[in-house]
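Both ligands and their constituent atoms are indexed starting at 1 by order of listing.
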Amino acid sequence: MGRVYNFSAGPSCLPEEVLRECAAEMMDYNGTGQSVMEMSHRSKAYEPIIQDAEAMIRKLMKVPDNYKVLFVQGGGSTQFAMVAQNLGIKHKKAAYIETGVWAKKAAAEAKHLGLTVDIIASSKDKNYSYIPRVEKVTGDYDYVYICFNNTIMGTHYEYIPDTGDIPLVADISSCVLSEPLDVSKFGLLFAGAQKNLAPAGVTLVIVREDLIPELEDCLPGTPTMLAYKTHADNGSMYNTPPCYTIYVLGKVLHWIEKNGGAEGMADLNRAKAKILYDYLDKSDFYHATAEKGSRSLMNVPFLTKYSTGATDEESVAKEKAINDKFVKEATAAGLVNLKGHRLVGGMRASIYNAMTIDGVKSLIDFMDKFAAENK
Ligand SMILES: *Cc1c(COP(=O)(O)O)cnc(C)c1O
């Protein structure tokens, strides 16, 4: 079997060019006679790899000099704790905008760690299908927290909330480098790599230097490994970093640069999302779940006309049958991982940077055929 079009929400597809380069260098990286997987992270061969990855993040995201770029482990979920432990230390109080599962989990973790958590806005009233508009945030908050792209709900901020002097923290796991972003508007940004940057295993953190406390100033009980300072002081090499993932990350970043950088990705992503949303908006068989004005360029959940909201047994069974049939036939056609998240239902197409226009067109061709056969 050849390569499929992979619409997985994460871990997700990587550029084929990058996979080929990794394969070519697997047995002998750069004349060392070793794979990058086998190397000491303190070796002469490895150090330039992590340094280049950081330099490329700085270049592609135009990271200002007063920000640290860190590579840590534990995924996006560990950042839910680290943000609270490192930033929630003065007033022990933070504001969260609730836009779905990931924002809720982050808020719950801050609460668990003893912070007072104010949910200052929520889109729960409409099953998180939109991004609430938040005007100027004020109050004695240590930070304001948002999830910039909601992977499950398929929503995305089309504005950056004005938080004045209060640091704005954003989870950009599923939209990092999908379009240009003004880093200076944020106190801290983080992204688990496995959506848009690399295989799972590394988490990118970009944090303004003045927000990094000493270990002893973090919330009581914060482990050394969970203090940003530990990683900032040691070039992300306090302990063994996820060496191979960072190597792949570097290759993905060079691929992004070759393809026009963040601007080039935005052009490609807007084109892909436009053809898919246009198709969904015109269709009398499918519809997108996210509201216009809040739609993600990366994750596109959609339902069929059989998702009526009716809860009687027959309707529910009919809906499940059509969704299962869609996913099964799509898989057979080489379009994989389209099953929707249970909280939204239906299907979800994740169309990250590495998904090609051809992939999206193939999906639409399949959807059209499926709609005609299941009217
Ligand atoms: C996937 C995801 C997470 C969780 O990431 P892990 O690396 O699995 O902990 C957090 N936030 C967003 C927006 C995500 O898409």
What atoms in ligand 1 come closer than 4.0 Å to a heavy atom of [X]?
X      : answer
Cys147 : 13 (C)
Asn149 : 13 (C)
Thr151 : 12 (C), 13 (C), 14 (C), 15 (O)

Pick whichever of Ser77, Gly100, Gly74 has a heavy atom sitting closest to atom 9 (O) of ligand 1. Ser77

Evaluating non-hydrogen atoms only, which member of Gln73, Gln79, Gln194, Met298 is closest to atom 8 (O) of ligand 1? Gln194

Note the single closest protein heavy atom to atom 12 (C) of ligand 1, along with its residue, its atom name and the distance in Å. Asp171 OD2, 3.4 Å

Could you find the nearest protein heavy atom to atom 14 (C) of ligand 1 and give me its residue, atom name and distance? Lys195 NZ, 2.9 Å

Taking the non-hydrogen atoms of Gly75, is any one of them nearer than 4.0 angstrom to ligand 1? yes

Taking NZ, NE, NH1 and NH2 as the nitrogens, is one of them in Lys318 or Glu314 under 4.0 Å from a carboxylate oxygen of the other?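 Glu314 and Lys318: not salt-bridged.
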
Is a salt bridge present between Glu16 and Arg3, judged by a nitrogen-to-oxygen distance below 4.0 Å? yes

[X] atom [atom1], over 12 foreign heavy atoms within 6.0 Å:
X      : atom1 : value
Tyr277 : OH    : yes
Lys339 : NZ    : no
Lys325 : NZ    : yes

With sequence neighbours left out, write down each residue that passes ring-ring contact (aromatic ring centres under 6.0 Å, His included) with Tyr157, or none if nothing qualifies.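 By the ring-ring contact (aromatic ring centres under 6.0 Å, His included) rule, Tyr157 matches Phe148, Tyr159.
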
Judging by distance only, is a nitrogen or oxygen of Gly76 under 3.5 angstrom from one on ligand 1? yes

Any residue meeting side-chain hydrogen bond (donor to acceptor under 3.5 Å, both in side chains) with Ser236, in chain and number order, not counting sequence neighbours: none

